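The structure appears right after this line, and notes come after that.
Hydrogens, waters and symmetry mates play no part in the numbers below; they use all other heavy atoms, side chains included. Only a predicted model underlies this, so the values are computations on that prediction, with no experimental measurement involved. Indexing begins at 1, ligand by ligand and atom by atom, following the structure's order.
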Amino acid sequence: MLKKKEKYVVAVVGATGAVGNEMVAVLEERSFPVEKLRLFASERSEGKTLQFEGSEIPVETLNEDSFKGIDIALFSAGAEGSKIWAPVAAKSGCVVVDNSSQWRMEPDVPLVVPEVNPHDLKWHKGIIANPNCSTIQMVVVLKPIHDVARIKRVVVTTFQSVSGTGKKAMDELLQQTTDLLNFREIKCNVYPHQIAFNCLPHIDKFLENGYTKEEMKMVNETRKIMGDDSIRVTATTVRVPVFRCHSESVNIETEKKISANEVRALLAETPGVIVFDAPGKNIYPLAVDIAGKDEVYIGRIREDESIDNGINMWIVADNLRKGAALNAVQIAEKLIEMSRST
Ligand code: NAP
Ligand code: 12T
């Protein structure tokens, strides 16, 4: 459990990456009660520093003693790094909020989106998992609908930005775009195919069942976060040549009838959600507008006329913020709030 304190010693593990960088920015922006910030990355980053609240903080490498004296560690250094270092950190008495896929489906690790299942934070044993980016933005919208109309089935198709893969993928999209516009040959290092001016129906590894790992994360994590294994979910995840923000087309079937207007009214009142839905004025959420925003944006809300109780919608959020760094910091804020109320 997190001790009750005025300020905390916080670590960001993977601080030099796309998510880690954003974590440092979010901690500063939200005036998180930081007594001291420690930054960690691989040996490749030795000698680097990052700015935080006006000072230059050195990036350190990890060792067995690194977590001594640290209260909260936000991890985003890949599943392999988390597998090794998250238990070391937890053993040192640190509360870990892990962004990788390593611990998410472990039964004794809570998988938390603060707007959806903050109560699951109560039973953590030192490691709390931050869900997959595409799942986070979807469940923030599904939860209030599920509470009033019970969702039976979800069919989702994602349009995911390259920043979800990390810094190297952002560089690859930029380089390929520049090369193609200059009639040069392109190189594919991060993705198996050209990503510039293309759509790849392939995110993370393929599994035996023909789905990708990313697709199955959406199926399994949605059920765990919503605390309801009866919800049927099927996903197709697609990488698109967008730098930031994941967009999703989501179709749901509910047990109870709910109209598009009722969904709009319900979501307008939901914390962390902004309804952006005026098709007559060409208003709907767009990746380029939502980049840098904290909320989950929703538009194109309409009834699915092919079934009795169905809704279609379009959900967009910044994958590095609500999909990763912001959600992790909100988890830490909730833990602090809980420590202060006991
Ligand atoms: P990235 O830009 O490639 O950054 C990776 C970071 O991890 C860098 O700081 C890197 O340090 C560090 N790192 C790599 N290996 C390490 C090691 N052995 N020891 C210590 N640090 C190490 O990737 P990213 O996009 O930020 O993603 C990082 C993690 O967040 C991944 O686990 C990914 O699955 C997760 N993630 C989660 C979501 C989500 O859905 N919530 C979204 C995106 C990413 P160097 O700079 O020194 O190499
Ligand atoms: N491969 O957190 O490539 O499990 O966009 C998130 C994003 C894994 C994850 C991606 C990935 C995760 C991606």
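Residue contact check: S101 has heavy atoms under 4.0 Å from atoms 4 (O) of ligand 2. Against a heavy-atom cut-off of under 4.0 Å, K217 is close to the following atoms of ligand 2: 4 (O), 8 (C), 9 (C), 11 (C), 12 (C).
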Distance-only donor-acceptor pairs under 3.5 Å for side chains of residues 280-301, two or more places apart:
unit_1: K293; atom_1: NZ; unit_2: D289; atom_2: O; d: 3.4
unit_1: D294; atom_1: OD1; unit_2: R321; atom_2: NE; d: 2.7
unit_1: D294; atom_1: OD1; unit_2: R321; atom_2: NH2; d: 3.1

Give every donor-acceptor pair under 3.5 Å between a side-chain atom in residues 193-201 and any protein atom, sequence neighbours left out.
unit_1: Q194; atom_1: NE2; unit_2: A196; atom_2: O; d: 2.8
unit_1: N198; atom_1: ND2; unit_2: Q194; atom_2: O; d: 2.9

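Ion pairing between D98 and R104 fails under the 4.0 Å rule for side-chain N and carboxylate O.
Checked against a 3.5 angstrom limit, the closest N/O atoms of T165 and ligand 2 fall inside it.
By the 4.0 Å heavy-atom criterion, R104 is counted among the residues contacting ligand 2.
Ranking protein heavy atoms by distance to atom 3 (O) of ligand 2, first place goes to R239 NH2, 2.7 Å. The protein heavy atom nearest to atom 7 (C) of ligand 2 is G164 O, 3.4 Å. For atom 6 (C) of ligand 2, the nearest protein heavy atom (residue, atom name, distance) is N132 ND2, 3.6 Å.
Grouped with F183 in a hydrophobic cluster is no other residue, since no side-chain heavy-atom contact under 4.5 Å to another Ile, Leu, Val, Met, Phe, Trp or Tyr is found.
In terms of heavy-atom proximity, T254 sits nearest to K256 at OG1-O, 2.7 Å.
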Please tabulate, one line per pair, the protein nitrogen or oxygen atoms found under 3.5 angstrom from a nitrogen or oxygen of ligand 1, with distances to 0.1 Å, or say none if there are no such pairs.
unit_1: ligand 1; atom_1: 2 (O); unit_2: A18; atom_2: N; d: 2.9
unit_1: ligand 1; atom_1: 2 (O); unit_2: K167; atom_2: N; d: 3.1
unit_1: ligand 1; atom_1: 9 (O); unit_2: G14; atom_2: O; d: 3.1
unit_1: ligand 1; atom_1: 9 (O); unit_2: T16; atom_2: N; d: 3.3
unit_1: ligand 1; atom_1: 9 (O); unit_2: T16; atom_2: OG1; d: 2.6
unit_1: ligand 1; atom_1: 9 (O); unit_2: G17; atom_2: N; d: 3.0
unit_1: ligand 1; atom_1: 11 (O); unit_2: T16; atom_2: OG1; d: 3.3
unit_1: ligand 1; atom_1: 21 (N); unit_2: S42; atom_2: N; d: 3.4
unit_1: ligand 1; atom_1: 26 (O); unit_2: A18; atom_2: N; d: 3.1
unit_1: ligand 1; atom_1: 26 (O); unit_2: V19; atom_2: N; d: 2.9
unit_1: ligand 1; atom_1: 32 (O); unit_2: G78; atom_2: N; d: 3.0
unit_1: ligand 1; atom_1: 40 (O); unit_2: C133; atom_2: N; d: 2.5
unit_1: ligand 1; atom_1: 41 (N); unit_2: N99; atom_2: OD1; d: 2.9
unit_1: ligand 1; atom_1: 41 (N); unit_2: N130; atom_2: ND2; d: 3.4
unit_1: ligand 1; atom_1: 41 (N); unit_2: P131; atom_2: O; d: 3.0
unit_1: ligand 1; atom_1: 41 (N); unit_2: G323; atom_2: O; d: 2.8
unit_1: ligand 1; atom_1: 46 (O); unit_2: T16; atom_2: OG1; d: 2.5
unit_1: ligand 1; atom_1: 46 (O); unit_2: S45; atom_2: OG; d: 3.1
unit_1: ligand 1; atom_1: 47 (O); unit_2: S42; atom_2: N; d: 3.1
unit_1: ligand 1; atom_1: 47 (O); unit_2: S42; atom_2: OG; d: 2.6
unit_1: ligand 1; atom_1: 47 (O); unit_2: S45; atom_2: OG; d: 2.5
unit_1: ligand 1; atom_1: 48 (O); unit_2: S42; atom_2: OG; d: 3.3
unit_1: ligand 1; atom_1: 48 (O); unit_2: R44; atom_2: NE; d: 2.9
unit_1: ligand 1; atom_1: 48 (O); unit_2: R44; atom_2: NH2; d: 2.9

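With hydrogens and angles left out, the side-chain atoms of Q102 and S82 include no donor and acceptor closer than 3.5 Å.
Taking the six-membered ring where the residue is Trp, the centroids of F159 and W314 are separated by under 6.0 Å.
With rounding to the nearest 0.5 angstrom, the OG atom of S306 is 8.5 Å from the CD atom of E253.
Contact check for V113 versus N327: side-chain heavy atoms found under the 4.5 Å cut-off.
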